[in-house]
Engineer: 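Right, I'll just put the structure down here and ask away after.
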Amino acid sequence: MDNPLQDTPQKEARILAKAKELWTADGKPGCGPEAYKEAASELIGMESNPDAGQIPVDSPVPLDANGQPVEQAWLEENLGNPGGSMNELDDKQEVPFATRKEEKEALDD
């Protein structure tokens, strides 16, 4: 089987013919058929390999019954203080200190 990404003279001829066809269909604007080569190349690629992109890809993360990604519980570990009176983070300041003195006093405690 030929490599669909490899440029061959036959493929280039098909692209140029398709570009001329597209250019003619647009009413032969002043830009010429060269401006249609990219679109023609994409169309020729689709014609050459019509099943490309049809193979399903497995999700890298587990999915629930609704197809939504299920995040692992350890992702919640470093999200800051969730609040509540039984949390060991409740007594810690979560914002930067106003002065170096306040920071030193808090760290010394």
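Side-chain atoms are counted along with the backbone in the values below, which use heavy atoms only and exclude waters and symmetry mates. These numbers were taken from a predicted model, which means no experiment stands behind them.
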Engineer: Please go through I15's hydrophobic cluster and name the other residues, only I, L, V, M, F, W, Y counting, with side-chain heavy atoms under 4.5 Å joining them.
Structural biologist: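 Under the 4.5 Å side-chain rule, I15 groups with I44.
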Engineer: Strictly by salt bridge (charged side-chain N to carboxylate O under 4.0 Å, His left out), give each pair with a member in residues 48-68 just once, sequence neighbours left out.
Structural biologist: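 Checked against salt bridge (charged side-chain N to carboxylate O under 4.0 Å, His left out) - neighbours excluded - no pair reaches residues 48-68.
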Engineer: What are the two closest non-hydrogen atoms of V70 and L63, and how far apart are they?
Structural biologist: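 So the two residues come closest at CG2-C, 3.9 Å.
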Engineer: List the residues meeting salt bridge (Lys or Arg N to Asp or Glu O under 4.0 Å) with E21, not counting sequence neighbours, and say none if there are none.
Structural biologist: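 Partners of E21 by the salt bridge (Lys or Arg N to Asp or Glu O under 4.0 Å) criterion, ordered by chain and then number, come out as K18.
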Engineer: Below 4.5 Å, heavy atoms only, C-beta onward: do E12 and D7 meet side chain to side chain?
Structural biologist: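 A side-chain contact exists here, since the closest heavy-atom pair is under 4.5 Å.
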Engineer: Going by the rule side-chain hydrogen bond (donor to acceptor under 3.5 Å, both in side chains), which residues pair with K104 if we only count those two or more places apart in sequence or in a different chain?
Structural biologist: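 Testing K104 for side-chain hydrogen bond (donor to acceptor under 3.5 Å, both in side chains), a comparison that skips the adjacent residues, returns D108.
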Engineer: Do L43 and L16 sit in one hydrophobic cluster, given that two such residues count as connected whenever their side-chain heavy atoms are within less than 4.5 Å of each other, even indirectly?
Structural biologist: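 Shared cluster, no.
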Engineer: Give the table of side-chain donor-acceptor pairs shorter than 3.5 Å for residues 31-42, with sequence neighbours excluded, one pair per line with atom names and distance.
Structural biologist:
unit_1: Y36; atom_1: OH; unit_2: D26; atom_2: OD2; d: 2.6

